[in-house]
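Everything on this sheet refers to the single structure shown next.
Letters A, B, ... mirror the listed sequences (proteins, then strands); counts begin at 1. These numbers were taken from a predicted model, which means no experiment stands behind them.
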There are 2 protein chains.
Amino acid sequence: MKEAQAVLSNPRSQADEVRALQDTIYVIGGKWRLPIINSICNGNRRFRDIERSIPGITTRMLSRELKEMELNGLVKRVEDPNSPMKVEYMSTEYCKSFGDIILEMIRWGKEHRRKIMKSRQK
Amino acid sequence: MKEAQAVLSNPRSQADEVRALQDTIYVIGGKWRLPIINSICNGNRRFRDIERSIPGITTRMLSRELKEMELNGLVKRVEDPNSPMKVEYMSTEYCKSFGDIILEMIRWGKEHRRKIMKSRQK
DNA sequence: CGGTATCCTGCTGGATACTG
DNA sequence: CAGTATCCAGCAGGATACCG
């Protein structure tokens, strides 16, 4: 089974991979984590800007996620001492480490939509 | 703002990207989809093999996901007419299209674990 | 082996209103 | 603008038992 040899890795490394996959899913779990990370990495810094950039999100969810993301070092919250109404959320290196995953997912989503469109035209 | 120019895309394409991202999240949502896809793409075909390859999953969740994945064309369920106890799940092209996403997530998970280990050693 | 059937809990997330 | 506070529903998911 030459093909199997090439495709399959040994059981041990496979177990590592499932675990790694599950870890990642855990960290970015939920509907909103990745879209928020994406938005901030795209340059949005203000609460309302982030909110507006993500269709369907509510202030409550955004608030909650941002708070937890700050705790986890995913974003930095910077409050202007002069006017507490001016807050900025900055992305961190940790935040940026999800870039490739997000890119792949965007790519997949676009491809997916293209295929749906095509099959509709028939 | 040359740097911003390079980093940021225009609003219209950004909106497309969020949408694509959200579509993808919707399709692979939940704890189990990707691990199951991964397992099957790794060559596991039998129910119990898939189950054993994914830590923490229950027969109920696996059963449910497989059923829905079959409906969505993510896997093909092949039943041996001679012995109904011999069933095989086969991956499809659609299933394989998640390969890159899974790869990136495994990569991230491994890197993440390495960093956790490192910071513990200090 | 390859699943179903029940029962149950909690958390994710939505709606809405309110605040400094 | 930048959030909090409440209230509430639904369903993802866990535990356990059972079946052909």
Side-chain angles (χ1 to χ4, degrees), chain A residues 18-19 21-40 43-72 74-91, chain B residues 18-19 21-40 43-72 74-91:
Chain A
V18 199
R19 207 179 42 170
L21 181 56
Q22 287 183 302
D23 286 351
T24 307
I25 291 170
Y26 178 78
V27 174
I28 63 181
K31 275 170 79 172
W32 305 117
R33 260 316 142 77
L34 287 182
I36 293 172
I37 291 173
N38 181 242
S39 174
I40 294 179
N44 292 305
R45 301 167 164 228
R46 313 297 302 274
F47 190 91
R48 292 294 172 196
D49 289 339
I50 300 170
E51 191 179 1
R52 269 189 289 268
S53 74
I54 304 171
I57 200 169
T58 59
T59 61
R60 181 172 162 276
M61 290 312 296
L62 179 55
S63 169
R64 229 163 73 171
E65 291 289 324
L66 281 174
K67 225 181 262 174
E68 215 196 309
M69 289 168 72
E70 202 197 347
L71 281 176
N72 299 345
L74 271 166
V75 295
K76 246 198 309 221
R77 184 180 181 280
V78 182
E79 196 171 314
D80 186 334
N82 301 326
S83 77
M85 292 302 104
K86 212 172 171 188
V87 175
E88 294 202 338
Y89 290 93
M90 324 274 291
S91 74
Chain B
V18 199
R19 207 180 43 168
L21 181 56
Q22 287 183 302
D23 286 350
T24 307
I25 292 171
Y26 178 78
V27 175
I28 63 182
K31 275 169 80 173
W32 305 117
R33 257 321 140 77
L34 288 182
I36 293 171
I37 291 173
N38 181 242
S39 174
I40 293 179
N44 292 305
R45 300 167 164 228
R46 313 298 301 272
F47 190 91
R48 293 294 173 197
D49 288 339
I50 300 169
E51 191 179 4
R52 268 190 290 269
S53 75
I54 304 172
I57 200 169
T58 59
T59 61
R60 181 173 163 276
M61 288 314 295
L62 180 54
S63 169
R64 228 163 72 171
E65 291 290 322
L66 281 175
K67 224 180 262 172
E68 215 196 309
M69 288 168 72
E70 202 198 346
L71 280 177
N72 299 346
L74 271 166
V75 295
K76 247 199 308 221
R77 184 180 181 279
V78 182
E79 195 171 315
D80 185 334
N82 300 325
S83 75
M85 292 300 104
K86 213 171 168 186
V87 175
E88 293 201 340
Y89 290 92
M90 324 274 292
S91 74

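Every residue two or more places apart in sequence or in another chain was checked for a side-chain contact (heavy atoms from CB on, under 4.5 Å) with A:Met85, and none qualifies. Partners of A:Asn82 according to the side-chain contact (heavy atoms from CB on, under 4.5 Å) rule, which considers only residues two or more places apart in sequence or in another chain, are A:Asp80. Judged as a side-chain contact (heavy atoms from CB on, under 4.5 Å), and not counting sequence neighbours, B:Pro81 has no contacts.
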Check residues 57-67 of chain B and write down every donor-acceptor pair under 3.5 Å in which the side-chain atom is one partner and the other belongs to a residue at least two apart or another chain.
| from | atom 1 | to | atom 2 | distance (Å) |
| --- | --- | --- | --- | --- |
| B:Thr58 | OG1 | B:Met61 | N | 3.3 |
| B:Glu65 | OE1 | B:Arg33 | NE | 2.6 |
| B:Glu65 | OE1 | B:Arg33 | NH2 | 3.4 |

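Atom pair A:Ile54:CD1 and C:dG13:C1' shows a separation of 14 Å (rounding to whole Å applied).
In the 5' to 3' direction, nucleotides of DNA chain D lying under 4.0 Å from heavy atoms of chain B begin and end at D:dA12 to D:dG20.
A:Ser53 contributes a side-chain N or O that, together with a main-chain N or O of A:Ile50, makes up a donor-acceptor pair within less than 3.5 Å. Checked by atom type and distance alone, the side chain of A:Asp49 never pairs as donor or acceptor with a backbone atom of A:Asn44 at under 3.5 Å.
Taking a cutoff of 4.0 Å between a charged side-chain nitrogen and a carboxylate oxygen, B:Arg77 and B:Glu79 qualify as a salt bridge.
Annotation: side chain of B:Arg19 is not in contact with side chain of A:Pro55 (no heavy-atom distance under 4.5 Å).
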Summary of protein contacts for nucleotides 1-12 of chain C, nucleotide by nucleotide, where a base hit scores B, a sugar-phosphate-only hit scores S (4.0 Å, heavy atoms): BBBBBBB-----
